[in-house]
Amino acid sequence: MMDPASSHTTREPEVERYYRFHAPLYDATRWSFLFGRSGLLDMIPDLPSQPQILEIGCGTGTNMERLEFHFPDARITGLDLSPEMLRKAGERLNHSTQIELKLGRYQGDSFDYNSFDLILLSYSLTMFGPHTDPIFNHLLEDLKPNGYIAVVDFNTSPFAWFRRWMEYNHVNFSGHLLPLLKKYFHPADITVKKAYWGLWTYFQFIGKP
Ligand SMILES: C[S@@+](CC[C@H](N)C(=O)[O-])C[C@H]1O[C@@H](n2cnc3c(N)ncnc32)[C@H](O)[C@@H]1O
């Protein structure tokens, strides 16, 4: 296992600060540009009964609410480093007996080895910074051998000004993620789509270890 200290990215304090201010506006604004989230859940293959599911960077809990509907017998864990985002998720999901929320950054010792049938990353990987290789090793350790990883995220943009603007908002827009996902996982399903007539592209990826 990697030294957990080596998987720190320099972005985490900035991301935490960013969401201190954005959490109250998050649900009212993000529907207009975080595309493909509900479609990704439709692409997930059947899981074993009582699956263990993890969402890394679960934010305000939009996906977990949908996961609960898709997999009514699942145990779902949501991890996020932002207390404000997690507080919103807690308000949204306080009815649920299936869902557990954990505060913290994702790292090598966050969970036991081979714990999950499904790990979901929805618009969180692009916030992990450019050096994501250690994260992929942790994902492989945390997934069961027959588990699935499901990712939806920004891909890239042909416009330098837009990439710079997203970087300013802590989003790495360099198109680095799909090649890395294909390197670490066997793809089961991949789509790449345009947003706003090609201002940027985003991708959906389902893979297995
Ligand atoms: C754009 S939001 C996405 C939230 C949710 N997944 C969604 O689709 O609406 C990114 C989330 O990832 C969290 N995040 C970023 N880096 C993280 C890390 N290293 N560990 C845990 N959470 C992280 C942020 O705090 C934020 O809540």
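Both ligands and their constituent atoms are indexed starting at 1 by order of listing.
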Where ligand 1 meets [X] - atom numbers and elements under 4.0 angstrom, heavy-atom basis:
X: M127; value: 10 (C)
X: R37; value: 7 (C), 8 (O), 9 (O)
X: G104; value: 21 (C)
X: S124; value: 12 (O)
X: G59; value: 4 (C), 27 (O)
X: R105; value: 20 (N), 21 (C)
X: E12; value: 19 (N)

- Query: Are R20 and E16 ion-paired here, with the side-chain N under 4.0 Å from a carboxylate O?
  - Reply: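 The answer is yes: the pair qualifies as a salt bridge.
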- Going hydrophobic residue to hydrophobic residue with side-chain gaps under 4.5 angstrom, can you get from M166 over to W31?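 Different hydrophobic clusters.
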- Message: I'd like to know if Y168 and F159 are part of one continuous hydrophobic network [Ile/Leu/Val/Met/Phe/Trp/Tyr, side-chain heavy atoms within less than 4.5 Å].
- Response: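 F159 and Y168: one cluster.
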Purely on distance, is any nitrogen or oxygen of [X] under 3.5 Å from one on ligand 1?
X: T62; value: no
X: V15; value: no
X: E55; value: yes
X: T60; value: no
X: Y19; value: no

- Query: Contact between D80 and ligand 1, counting heavy atoms under 4.0 Å?
  - Reply: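 Contact present.
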- Any heavy atom of Y18 sitting closer than 4.0 Å to ligand 1? no
Relative to each other, are the rings of [X] and [Y] parallel, tilted or perpendicular (30° and 60° limits)?
X: F33; Y: F154; answer: parallel
X: F173; Y: F162; answer: perpendicular
X: Y184; Y: F136; answer: parallel
X: H22; Y: Y19; answer: perpendicular

- Is there a side-chain contact between T156 and T201 (heavy atoms, below 4.5 Å)? yes
- Item | D42 atom CG: more than 12 heavy-atom contacts under 6.0 Å | yes
- D80 side chain vs L86 backbone, donor-acceptor pair below 3.5 Å: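 No: the side chain of D80 does not pair with the backbone of L86.
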- Message: Just to be sure I'm reading this right: ignoring hydrogens, which of L120, T126, L81, N169 gets closest to atom 16 (N) of ligand 1? Compare them by their nearest heavy atoms.
- Response: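 Minimum heavy-atom distance to atom 16 (N) of ligand 1 goes to L81.
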- Item | The one among F33, W31, F128 that brings a heavy atom closest to atom 19 (N) of ligand 1 |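 Comparing heavy atoms across F33, W31, F128, the nearest one to atom 19 (N) of ligand 1 lies in F128.
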- Item | For ligand 1, the portion of L121 having any non-hydrogen atom under 4.0 Å away | neither
- Item | Exercise: do N172 and S174 side chains pair donor with acceptor under 3.5 Å | yes
